Amino acid sequence: MTHITLVRHGQANTEARDEASYDQLSALGHQQARWLGEYLTNSGAHHPRVYSGTLTRHQETASAMGLGQVVQDPRLNEMEYFTLAQAMEAQHGLPIPEEREGFVDHLPKVFRAWADNEIDNPPESWRDFERRTQSVLADIAAGEGPALVVTSGGFISMAIRQAMGLDTDAMARAALSIMNTSMHRLFPIGGHLSPVLFNAVPHLDSSDRHYAQTHL
């Protein structure tokens, strides 16, 4: 097994309330990714293998980071949160928030309903999301050399859930905390991938870049 560094994409379209509109980086998202790419280059980080999901925001992040050959895998794509949220509103009367603070209460409710099969006809089941997360990380971990993976916050929170045995509410809290272009490292310990880095943004630590430490 080898260690895997997961990177959340740069800030996307914060005004979006559906999947298609959300799937593009903002100007700040492109800048965050450029800064991360510069940080990795200047720190001498070595990632002979690079992967990403197939979403536009994943590809734009990888490009802005200046990464070389990137293997795209749809198993690294995000859950369709807006589709799930729309179903929750239609089926259970839970309104979609208009501001970030509202998602702090909204996201755990969506996760619980999804995990408990209380959302009819979701784009994928909670179990399928669990399985594809586990399978793609196992495949990447079986390769040789450190791997860098550009993906999304929900995928990263599921990876952390599986590594730490988190319940659904704890996974939701992890998802809410994950910043754009943050790094999260899974390291093989005792035959299992364990988190040794979470939500690291060294490329955004200087005082003139604190404004770029975004969650949405």
Side-chain angles (χ1 to χ4, degrees), residues 6-29 32 52-61 72-137 149-182 184 199 214-216:
L6 303 171
V7 173
R8 185 189 177 194
H9 60 78
Q11 183 192 62
N13 178 11
T14 59
E15 301 302 317
R17 291 298 179 268
D18 61 73
E19 301 297 334
S21 299
Y22 183 71
D23 194 24
Q24 57 184 312
L25 294 191
S26 67
L28 178 57
Q32 291 165 331
S52 81
T54 63
L55 299 175
T56 298
R57 59 190 183 272
H58 298 157
Q59 297 173 44
E60 290 181 340
T61 299
Q72 295 182 13
D73 191 321
R75 292 178 296 172
L76 294 167
N77 287 351
E78 180 64 298
M79 65 182 79
E80 292 190 25
Y81 185 79
F82 286 112
T83 304
L84 292 167
Q86 290 162 0
M88 280 291 288
E89 185 169 37
Q91 297 172 26
H92 301 285
L94 180 69
I96 301 174
E98 295 294 328
E99 72 294 322
R100 179 184 182 276
E101 290 72 20
F103 283 99
V104 174
D105 181 62
H106 186 266
L107 189 144
K109 291 179 179 177
V110 173
F111 275 16
R112 285 195 294 270
W114 186 27
D116 292 341
N117 295 315
E118 295 174 355
I119 300 177
D120 294 335
N121 300 313
E124 70 177 327
S125 72
W126 176 271
R127 301 295 175 262
D128 285 344
F129 183 43
E130 285 185 313
R131 281 191 285 265
R132 71 172 167 92
T133 301
Q134 187 175 42
S135 69
V136 70
L137 290 178
V149 175
V150 179
T151 180
S152 292
F155 179 94
I156 294 170
S157 68
M158 177 59 82
I160 298 299
R161 165 189 167 91
Q162 293 175 348
M164 298 294 291
L166 301 180
D167 63 22
T168 306
D169 283 349
M171 174 185 162
R173 290 194 297 272
L176 288 165
S177 73
I178 293 172
M179 288 185 280
N180 295 113
T181 63
S182 56
H184 313 254
N199 221 19
T214 59
H215 295 83
L216 285 181

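None of these values were measured; they are calculated from a predicted model.
Looking at heavy atoms from C-beta onward, Y22 lies out of side-chain contact with Y81 at the 4.5 angstrom threshold. Two residues are said to be in side-chain contact when any heavy atoms from C-beta on lie closer than 4.5 Å; W126 and N117 fail this criterion. The shortest distance between side-chain heavy atoms of T214 and Q32 falls below 4.5 Å.
Distance alone, capped at 3.5 Å, is enough to place a donor-acceptor pair between the R132 side chain and the R75 backbone. For E80 (side chain) and E19 (main-chain N/O), no donor-acceptor pair under 3.5 Å exists by modelled atom type. Judged by distance alone, with hydrogens and angles left aside, the side-chain atoms of T61 form a donor-acceptor pair with the main-chain N or O of G10 at under 3.5 Å. A distance-only check finds a donor-acceptor pair linking the side chain of S125 to the backbone of D128 [under 3.5 Å]. Under a 3.5 Å cut-off, the side chain of E124 and the backbone N or O of M79 do not form any donor-acceptor pair.
Taken from CE in M164 to CG in L166, the straight-line distance is 6.0 Å, to the nearest 0.5 Å. The structure places CG of L28 at 8.5 Å from OG1 of T181, a figure rounded to the nearest 0.5 Å. Between the CE atom in M158 and the OG1 atom in T133 there is a gap of 5.5 Å [rounded to 0.5 Å]. Here Q91 contributes atom CD and D120 contributes atom CG; the two are 4.5 Å apart, rounded to the nearest 0.5 Å. Here the OG1-CG distance, from T151 to L6, works out to 7.0 Å after rounding to the nearest 0.5 Å. Going from atom CG of L55 over to atom CZ of F155 covers 11.5 Å, rounded to the nearest 0.5 Å.
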Any chance you could lay out the side chain to side chain contact (heavy atoms under 4.5 Å, CB included) test for H106 and V110, step after step, and finish with the verdict? CA-CA 6 Å; H106 186 266; V110 173; 3.4 Å; yes
Please determine whether side chain to side chain contact (heavy atoms under 4.5 Å, CB included) holds for the pair H215 and N180, giving the CA-CA distance in whole Å, both sets of side-chain angles, and the decisive distance to 0.1 Å. CA-CA 6 Å; H215 295 83; N180 295 113; 5.6 Å; no
Show me the donor-acceptor pairs within less than 3.5 Å that the side chains of residues 167-179 make with the rest of the protein, sequence neighbours left out.
unit_1 : atom_1 : unit_2 : atom_2 : d
D167   : OD1    : D169   : N      : 3.3
D167   : OD1    : A170   : N      : 2.8
D169   : OD1    : R112   : NH1    : 2.6
D169   : OD2    : R112   : NH1    : 3.4
S177   : OG     : A174   : O      : 2.8

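Below 30°, between 30° and 60°, or above 60°: for W114 and F111 the angle between ring planes is between 30° and 60°, a tilted geometry.
Closest of all the heavy-atom pairs between Q11 and S26 is OE1-OG, 2.6 Å. A pairwise comparison of heavy atoms in L84 and P123 identifies CD2-CD, 3.8 Å as the closest pair. Contact between L25 and H9 at its shortest, heavy atoms only, is CD2-ND1, 4.4 Å. Of all heavy-atom pairs spanning H58 and S152, the tightest one is NE2-OG, 2.7 Å. Smallest separation of non-hydrogen atoms from M88 and A113: SD-CB, 3.6 Å. Across all non-hydrogen atoms, the minimal contact from Q72 to G53 is CG-O, 4.0 Å.
In this structure, a donor-acceptor pair under 3.5 Å is present between the side chains of N77 and T54. Side-chain contact, S21 with N13: no donor N or O sits under 3.5 Å from an acceptor N or O.
Other residues, nucleotides and ligands contribute over 12 non-hydrogen atoms within 6.0 Å of the CD atom of Q59.
The pair R57-E78 fails the salt-bridge criterion, with no side-chain N (NZ, NE, NH1 or NH2) lying under 4.0 Å from an Asp/Glu carboxylate O.
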